[in-house]
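Report on the following structure.
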Amino acid sequence: MDARSPRREAKARFKLPPVPKIAVYLVGFIPAVWLFYQGINDNLGADPMRYLEQALGLWALRFLVVTLSITPLRQIFDINLLRYRRATGLLCFYYAVLHLVTYLVLDQGLDLEAIGADLVKRPYITIGMATFVILVPLALTSNNAAIRRLGGQAWARLHRLVYVAAIGAVLHFLLVVKSWPPEPLVYTAIVLALLGYRLGRSVYRKVSREPRSRRRAA
Amino acid sequence: MLIRRPSDILPSEITPRSVYLNRRQLMGGAAGLAFAAGFPGSSGAASLTTVKSPFSTDEKLTGREDVTSYNNYYEFGVAKEAPATYAKSLKTTPWTVKVDGLVGKPAEFSVDDLIKTSTLEERIYRLRCVEGWSMVIPWDGFALADLIKRVEPLGSAKYVAFETANRPEEMPGLQSMFPVLDWPYVEGLRLDEAMNPLAILAVGLYGDPLPNQNGAPIRLVVPWKYGFKSIKSITRISFVEKQPETSWNRQASDEYGFYANVNPSVDHPRWSQKTERRIGEGGLFVKRRPTLPFNGYAEQVAQLYSGMDLRKFY
């Protein structure tokens, strides 16, 4: 493939500064710390609980989008951030935990009856919770030991569930708003583009198997 | 009930006290002074003279800052702070309200005249948003019935239709490529609902002329219905025979009915309406309170709906 050599050049040109992974976590938690700090000081507007709840959910979605962008960035632009993907994925999970805890404790005041009714009757809650449940095994297996135990292929197959989680997350967002405001639509478009890219690529590779094997032989 | 009440009242009267005196509220008061001082001489800007009303609640008011910085007015954007940010561009003087349709005396009223010729009342009402939050707001206005009587509706008039200003050049939300609603915003009431003494046309809040973001210069307030029924910045009121179309009903008829009476036992299809969060109460640790039928105004309005299935006519 003639794209190869420019690619290598690009790789050579684009030298990542050696950012330690811990820095990604530290920076990633800044919004949470900031939100809680502002919340405690009553600086989150008239409806601080709702602001916190929504902001945490939005950050979970943002980290999900970042996580899903890492592969396309590598394949299309030769920007390799793979070593940070675990951090961004886990940050998505941590924000999802904070979002859920805010809903359970601050929003619903641990009113189990109301929460149960929400879960059964409100599609956006059902979908949100299901999305969270999907993220749990992904977070639990986001470590080297789990990859070793499961084997790379099984691990990769399990982690494809992140695509389902991404769809669940934007559906959850779309269903909670009135009418069709732009923000959830923009996130939906981004997620669909990221998933569509993968689908398109895998279909393309399937139909062009022949040239691929030729390439391999060469 | 008797046992419950005291325990319900005590915390809600103690905790908000600190909230009431906090920095935000003081700043809100200061902002209000600055607002009033910003328009010296102009007729609409002086503080309004009002009389008290027996319909007012004695519940703790939601702070002015919260009332004027957190609301929905989609003509200025969908975010809660968008109206306060963008509504300055709306030109509210001069302003006329055209009253037409099935009336004996169609007329065009200037808001200044309406204010001059009405006895303004302070009406402290609960406001319950369909989204599940609530406020207590001291509106200043006059009974909608007063205006209705002036135009002498014909016997054939069964409904009252309202329309908000439709000015894309002054309302950024109307310039959006993907409109959130069909503009202009329209609402409606049955004539007997409109005649109910609780229904008012508000021209002020907290004793000052309405800030633009709250629907200046004149808006409907029907406190027993979800907030979206209380249409803002009214330019036209029409008396009609058939039930008029309403904006949110047109947008999602299974979610927003024509009546839209506050009703804890009829959920929004996507969320519960059993409880609400009172804005300004408790900050991050806000406690939900039960939502009351007709937002606590059943005594005044329930008879309007006797014999109606409120699950069907939500």
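Heavy atoms only: backbone and side chains are in, while hydrogens, waters and symmetry mates are out. Numbers restart at 1 for each chain; the letters A, B, ... are given by sequence-line order, proteins then strands.
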Go through the atoms of A:Leu175 and report whether side chain, backbone, both or neither lie under 4.5 Å from a heavy atom of chain B.
both
Is the number of heavy atoms from other residues, nucleotides or ligands under 6.0 Å of B:Glu169 CD greater than 12?
yes
Which distance, rounded to the nearest 0.5 Å, do you find between the CG of A:Leu106 and the NZ of B:Lys287?
11.0 Å
Side-chain contact test, heavy atoms from C-beta onward, threshold under 4.5 Å: evaluate it for A:Trp180 versus B:Gln251 and give yes or no.
yes
So B:Val180 and A:Lys178, do their side chains get closer than 4.5 Å, heavy atoms only?
no
Looking only at A:Gln108, A:Glu183, A:Lys121, A:Arg122, most heavy-atom pairs under 4.5 Å shared with chain B are made by A:Arg122
May I have all residue pairs that pass side chain to side chain donor-acceptor pair (under 3.5 Å) and include part of residues 165-177 of chain A, sequence neighbours excluded?
none
In residues 258-271 of chain B, which residues are in contact with chain A at a heavy-atom separation under 4.5 Å?
B:Asp267, B:His268, B:Pro269, B:Arg270, B:Trp271
Determine the minimum heavy-atom distance between B:Leu284 and A:Ile40, stating which atoms define it.
CD1-N, 3.9 Å
d(A:Asp47 CG, B:Asp66 CG) to nearest 0.5 Å is 9.0 Å
Tell me, side chain or backbone of A:Val177 under 4.5 Å from chain B's heavy atoms, or both, or neither?
backbone
Would you find more than 12 non-hydrogen atoms of other residues, nucleotides or ligands less than 6.0 Å from B:Tyr256 atom OH?
yes
Taking atom CD of B:Gln175 as the centre, report whether more than 12 heavy atoms of other residues, nucleotides or ligands fall under 6.0 Å from it.
yes
For B:Val130, is it the side chain, the backbone, both, or neither that has a heavy atom closer than 4.5 Å to a heavy atom of chain A?
side chain
Residues in residues 58-73 of chain A near chain B [non-hydrogen atoms, under 4.5 Å]:
none
Listed by number, the residues in residues 68-90 of chain B that come under 4.5 Å of chain A (heavy atom to heavy atom) are B:Tyr70, B:Asn72, B:Tyr74, B:Val78
Step by step, would you call B:Arg288 with A:Asp107 a salt bridge (charged side-chain N to carboxylate O under 4.0 Å, His left out)?
CA-CA 8 Å; B:Arg288 286 177 175 272; A:Asp107 188 342; 2.4 Å; yes
